[in-house]
Amino acid sequence: MSEEKSLNFIEEIVENDLKAGKYDQIVTRFPPEPNGFLHIGHASSICLNFGLTQKFNGYTNLRFDDTNPVTEETIYVDSIKKDIAWLGFQWKNELYASDYFDLLYSYAVKLIEKGLAYVDELGSEEMAKLKGTHTEPGKDSPFRNRSVAENLDLFERMKNGEFPDGSRTLRAKIDMTHVNMLMRDPILYRIKHAKHHRTGNKWCVYPMYDFAHGQSDAIEHVTHSVCTLEFIPHRELYNWLIAQLEIYPSHQYEFARRNVNYTVTSKRKLLQLVNEKFVSGWDDPRMPTISGLRRRGFTPSSIRNFCERIGIAKRENLIEYSLLEFFIREDLNRTSWRRMAVLDPIKMIITNYPEGQKEMLPGENNPEVEGHDGERQIPFSRELWIERDDFMEEPPKKFFRLGPGLMSRLKSAYIVRCDDFVKDANGNVTEIHCTYFPDSKSGEDTSGLKVKGTMHWVSVPHAKTAEVRLYDRLFTSEEPDREEGDFKDYINPESLVVVKNAFIESDLANASKQLEENPDRRYQFIRKGYFCLDADSTPENLVFNRTVTLKDTWAKESQK
RNA sequence: UGCCCGAUAGUAUAAAGGUAGUACAACGGUUUUUGGUACCGUCUGUCUAGGUUCGAAUCCUGGUCGGGCAACCA
C-alpha cells in the first residue's frame, strides 16, 4: 500500500530544501508573457509550479512578465487567467512585472551608483560587433567609462523621453570578455516610446527580461523560480544581479520544455496559423492551445493527468500524442453519455417490421458506472439509418457486421439478418433489406441467437440532423518545425472534415439543455468516438466536435 | 577550435552503489449487446571505451551523439 510516487528532480530539490530548514514555506510563480495564448507546454509548467506548492507547503503567484509593451495585450491576460483557472489552479496573487517599474528603476539607479551600470550610445549593430563571439572576447564600448553622475543624468533623461528609441541603452558593467555572452555588459533598459497595456504612456524606458524577472522573483520572495532550459545561461546573470542589488536570493531551476508530436507550440507559429487563417482562431479545436483543447472537448483532469504522467526532466523529449488521447479517453469513458449518431448513412429497411409501427427502447446513459447514470428512450421503427461501412457486399471472413446473409445486433434493439440490398445505376448500395427477430429484443432476448457484431442506428422518421466536425491532428509531420521548408506545408488537409447532415438520435436534440444543466456534459457516439457540443451551435443547427475517436482495432485488422 | 546542458525499450519517465521498474504504443488472448471498456499475457532498454568497487544506469576519465549559447524578445 505504501506505494510512494517518485518525485521529479525539482520536487526533490524542494523536499531537500524544506528538510534542511531553508524555508518555512515555498513560493513559486507562473510567469507568462501576455503576448499569446497558453498551450499544452505551458500546462506542464503550470502543473509543475502549482503542483509544487500544493504538494509542499506554499503558494504560487501568477505574474505577467509584461516588460515589452509592443507585443503585449490585455486580451492575452484575460485568456491566460481563464485557462489557468479552468485547469483547476488558483494563484495567490495576480501580479505584473509592470507593477514593479518604479522599484526596478530605482534598482537601476542603485547599480549606476555602485558603478555597475552605464548608459551606452552604441547602435545595435555596433554593439553586436563589439560583443565578440563564442570564441572571441568582446571589446569595451567607448561609453563604458562615464562618470556615475553622467550616467545618472543620462538615464534620467532616457526616462524623461528626451531620446529616441534605440539611441541609448542602460547596460550592466560586468565583463566584455566573459565566456558567458550574457555577462558581456547585458542591456538592462531600452527606450521604447510605446503605450503599455497597464502603465499607459507613463514610461519610455522598459527593463529587459534579465532586469525584470529575477528582480520580480526577489520582490515576491519566490523561493524556487522554475523555467525552461534555454534560460540556463541567464542564471549566472540572475544571480549576479541579485547579489549586486542585495535583494532576496531567489533561485532559478531549469527543466526541459515538453514537446508533443504532430504539433507546433512556438508562439510565432501559432500566431501565424491564426493570422493566416489556417485555423479559425486561437481556440480552434485543432490548436494545441489550452483554449483549443478545451473547445475540442478535453477535460482539465485529462490534461493534468497527462502532465503528471509525462513528468519533468532535463533531456530533450517528444511526447506521443497518443498519450494525450489515452488520458482523454480514460476520462470520458467514465463520464460521457452514450448516444447514437450515424455519420455516413445508408438506409436499412426491416421488411418484417410493420409499417407505421414505432416503439421506444430504453438505452443506458453510461454502462461504465453504477446505475448507468440513468437512461433515455430511443425510438425504433421499420426504417433505420445505419453506417455505410457497417455493410459489405462481399465481407471478408472476420467481418462481424452486415453483408448478405449476415446477422448483427442493433444496439439496444433487435438482432437483424441481412437478406438483400439495392443498388443504384452507378452500382452504389442504396438500401439494405433485413428481417428482425422479435424475440431477440435487448434485455429480454430469448432467441438463443449469438452474433458477434453490434451496430448503432437511428430511426429514419425520428432522426434529427446535426453538423459534426471530425478533427484530426493538425500536421502530417511529427515535427513540423524540423521539416525542410515551411512548417505550414505540413498541415493535414484532413485535419477537419465537416459532416453537414449527420443523423442523430432524438435525445441529442436536447444537447443544449443538457449542457446548461451540466457544463461538463460529453457524449460518446457509440462506436464513433467522444463528442461535445460546440459553441457554434444554434437551435436550428447543432454542432458537435469530435474530441477523439474510440480505439479501433478493426481499422487495424482491416488494413492487413 | 570555446562554454553550457543532456543521453535508460518505439515514446516518456523511475531506480540517491545492491533484482533495471511504471505508463503509453505495439503484439497476442479472455470477457463483452460499443471490433469500445475491463482483465491477462508478450516484445523491446542503461550511447561507447576504460577506471574505482565485492558490486556501477548511478561515481571518475576519455570519446560519440543530440540540444543550447553572439534579439534594444521572453
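In what follows, chains carry the letters A, B, and so on, assigned in the order in which the sequence lines appear, proteins first and then strands, with residues in each chain numbered from 1.
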Give [X] one of three labels, base, sugar-phosphate or nothing, depending on what nucleic acid heavy atoms sit under 4.0 Å from its own.
X	result
A:L182	nothing
A:E325	nothing
A:H178	nothing
A:L229	nothing
A:E33	sugar-phosphate
A:Y530	nothing
A:L550	base
A:I232	sugar-phosphate
A:F231	base
A:M208	sugar-phosphate
A:S412	base
A:K528	nothing

Cation over ring face, [X] and [Y], 6.0 Å, 45°:
X	Y	answer
A:K314	A:F255	no
A:R146	A:Y118	no
A:R339	A:Y523	no
A:R198	A:Y96	yes

Polar-atom pairs under 3.5 Å, protein N or O versus N or O of nucleotides 14-21 of chain B: list them with distances, or write none.
residue : atom : partner : partner atom : Å
B:A14   : O2'  : A:S6    : OG           : 3.3

Residue closer to the 5' end of RNA chain B, A:R168 versus A:K452 (nearest nucleotide):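 The residue mapped nearer the 5' terminus is A:K452.
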
Any side-chain N or O of [X] under 4.0 Å from OP1/OP2 of [N]?
X	N	value
A:R190	B:A74	yes
A:K556	B:A26	yes
A:R329	B:C24	no

Between [X] and [Y], is the ring centre distance below 6.0 Å?
X	Y	answer
A:F231	A:Y209	yes
A:F525	A:F544	yes
A:Y76	A:F64	no

I need the [atom1]-[atom2] distance between [X] and [N], as an integer number of Å.
X	N	atom1	atom2	answer
A:Y238	B:A74	OH	P	16 Å
A:D552	B:G36	CG	P	8 Å
A:R338	B:U37	CZ	P	11 Å
A:R235	B:C5	CZ	P	8 Å
A:F327	B:U13	CZ	C1'	12 Å
A:N305	B:C24	CG	P	12 Å
A:Y253	B:G6	OH	C1'	20 Å
A:H213	B:C73	NE2	P	17 Å

Spatial distance of atom CD (A:E368) from atom CD (A:Q524) [nearest 0.5 Å]: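 With rounding to 0.5 Å, CD (A:E368) is 8.5 Å from CD (A:Q524).
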
Interatomic spacing from CD in A:E320 to CD1 in A:I310 - rounded to 0.5 Å: 12.0 Å

Donor-acceptor side-chain pairing of A:D217 and A:Y238 below 3.5 angstrom: yes

Under 3.5 Å side-chain donor-acceptor pair for A:D66 and A:S98: yes

[N] base / [X] side chain donor-acceptor hit below 3.5 Å:
X	N	value
A:E320	B:G10	yes
A:H134	B:C3	no
A:T135	B:U1	no
A:R527	B:U34	no
A:E230	B:G67	no

Nucleotide nearest A:R482 (side chain, heavy atoms from C-beta), chosen from B:U33, B:C5, B:G67: B:G67

Centroid under 5.5 Å and tilt under 30°, A:Y209 to B:A74: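 No, A:Y209 does not stack on the base of B:A74, since the centre distance and plane angle fail the 5.5 Å and 30° test.
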
ring centroid sep under 5.5 Å plus plane angle under 30, A:F326 with B:A23: no

Any residue meeting side chain to side chain contact (heavy atoms under 4.5 Å, CB included) with A:R268, in chain and number order, not counting sequence neighbours: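 Result, side chain to side chain contact (heavy atoms under 4.5 Å, CB included) vs A:R268: A:S266, A:Q272.
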
Nucleotide-level pairing of RNA chain B, given in dot-bracket where Watson-Crick and G-U pairs need both distances under 3.5 Å and | marks other strands: .((((((..((((....[..)))).(((((.......)))))....(((((..]....))))))))))).....

